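Only heavy atoms go into these numbers, but all of them, side chains included; no hydrogens, no water, no symmetry mates. If you're wondering where the values come from, they're calculated on a predicted model, not measured in any experiment. Numbers for residues simply follow the sequence, beginning at 1.
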Amino acid sequence: MAIEIKPAPAEFGNWEALMALLHAAFAFQHSRIDPPSSLHRFDAKSIAVKAKEEQLFLAFDGGELVGCIFAKPQAGALYVGKMAVRPGRQGQGIGSRLMQAAEGMARKSGLGLLELETRVELTENHAAFAALGFVKVSEGMHPGYDRTTSITMRKTLG
């Protein structure tokens, strides 16, 4: 069946499934990043609030939730975060299609940039985002750290 990418419908309510997808997709990070992922601060209720404050795009294969991405306009760019593809489904173009949905939103909003942050330790994510056209523009530190903990990447939309 074809993968369907769409904005989360108003009636979407399967927040537990979304949290399970995010935790499964981010599990490989837990022993590698410091500080821990902000995902740990979310539960089904707070992720539902996030989805009301930002645009949530979902990827479905039939009725199965296989991916997601959050997008939020800010400071001249569309910020994208919490992009996740179910393990076992990665490498099938789902992440690229989710990013294309965000790009469409940016263009409709008159924004010429996509922006994201990724942890410094996750070099495979840096490479995956670079393959999608993102370039590193800055480094950052989480509060309380005296070393780089994240990098910001941007993609200019043509």
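Met19 has its side chain out of reach of Asp43: every pair of non-hydrogen atoms, C-beta onward, lies at least 4.5 Å apart. Contact annotation: the side chain of Gln55 approaches that of Pro7 to within less than 4.5 Å [non-hydrogen atoms, C-beta and beyond].
The structure places CE of Met99 at 8.0 Å from OG of Ser96, a figure rounded to the nearest 0.5 Å. In this structure, CG in Leu21 is found 5.0 Å from CG in Leu65, a value given to the nearest 0.5 Å. Between Leu18 atom CG and Ile47 atom CD1 the span is 5.5 Å, to the nearest 0.5 Å. Atom NE2 of residue His142 and atom CZ of residue Arg147 lie 9.5 Å apart, to the nearest 0.5 angstrom. Put simply, CG on Leu22 and OG on Ser37 are 9.0 Å apart, with the number rounded to the nearest 0.5 Å. Taking CZ of Phe28 as the start and CD of Glu124 as the end, the distance is 5.0 Å to the nearest 0.5 Å.
In terms of modelled atom types and a separation under 3.5 Å, the side chain of Arg97 and the main chain of Ile3 share a donor-acceptor contact. Remark: the backbone N or O of Leu111 is not paired with any side-chain donor or acceptor of Ser109 at under 3.5 angstrom. Between the side chain of Arg119 and the backbone N or O of Pro35, at least one donor-acceptor pair lies under 3.5 Å. When atom types are taken as modelled, the side chain of Gln90 and the backbone of Val85 share a donor-acceptor pair closer than 3.5 angstrom.
The same ILVMFWY cluster, assembled from side-chain heavy atoms under 4.5 Å apart, contains both Phe42 and Phe12. Leu122 and Met83 fall into different hydrophobic clusters, where Ile, Leu, Val, Met, Phe, Trp and Tyr residues are linked whenever their side-chain heavy atoms come under 4.5 Å apart, directly or through other members.
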Report the C-alpha separation of His23 and Leu39 in whole Å, then their side-chain angles, then the decisive distance to 0.1 Å, and conclude whether the side-chain contact (heavy atoms from CB on, under 4.5 Å) test is met.
-> CA-CA 8 Å; His23 281 288; Leu39 181 61; 3.8 Å; yes
Stepwise, does the side-chain contact (heavy atoms from CB on, under 4.5 Å) test hold for Asp61 with Ile94?
-> CA-CA 10 Å; Asp61 186 356; Ile94 297 168; over 6 Å; no
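Note: Phe129 and Phe134 have perpendicular aromatic rings, judged against thresholds of 30 and 60 degrees for the angle between ring planes.
The side chain to side chain donor-acceptor pair (under 3.5 Å) search around Thr148 returns Glu139, not counting sequence neighbours.
Counting non-hydrogen atoms of other residues, nucleotides and ligands closer than 6.0 Å to CZ of Arg41 gives a total of 12 or fewer.
Heavy atoms only, all atoms of each residue included: Pro87 and Ala24 are closest at CG-O, 3.4 Å. Nearest approach of Ala51 to Trp15, heavy atoms of both residues: CB-CH2, 3.5 Å. Nearest heavy-atom pair across Met141 and Asp146 is SD-C, 3.6 Å. Contact between Pro9 and Leu58 at its shortest, heavy atoms only, is CD-CD1, 4.4 Å.
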Which atom pairs, one a donor and one an acceptor, fall under 3.5 Å between side chains of residues 150-158 and the rest of the protein, sequence neighbours left out?
{"residue": "Thr152", "atom": "OG1", "partner": "Ser138", "partner atom": "OG", "Å": "3.4"}
{"residue": "Arg154", "atom": "NE", "partner": "Glu115", "partner atom": "OE1", "Å": "2.5"}
{"residue": "Arg154", "atom": "NH2", "partner": "Glu115", "partner atom": "OE1", "Å": "2.9"}
{"residue": "Lys155", "atom": "NZ", "partner": "Glu103", "partner atom": "OE2", "Å": "2.6"}
{"residue": "Lys155", "atom": "NZ", "partner": "Leu132", "partner atom": "O", "Å": "2.8"}

Side-chain polar contacts of residues 72-82 - donor-acceptor pairs under 3.5 angstrom, sequence neighbours left out - could you list them?
{"residue": "Lys82", "atom": "NZ", "partner": "Ser38", "partner atom": "OG", "Å": "2.6"}

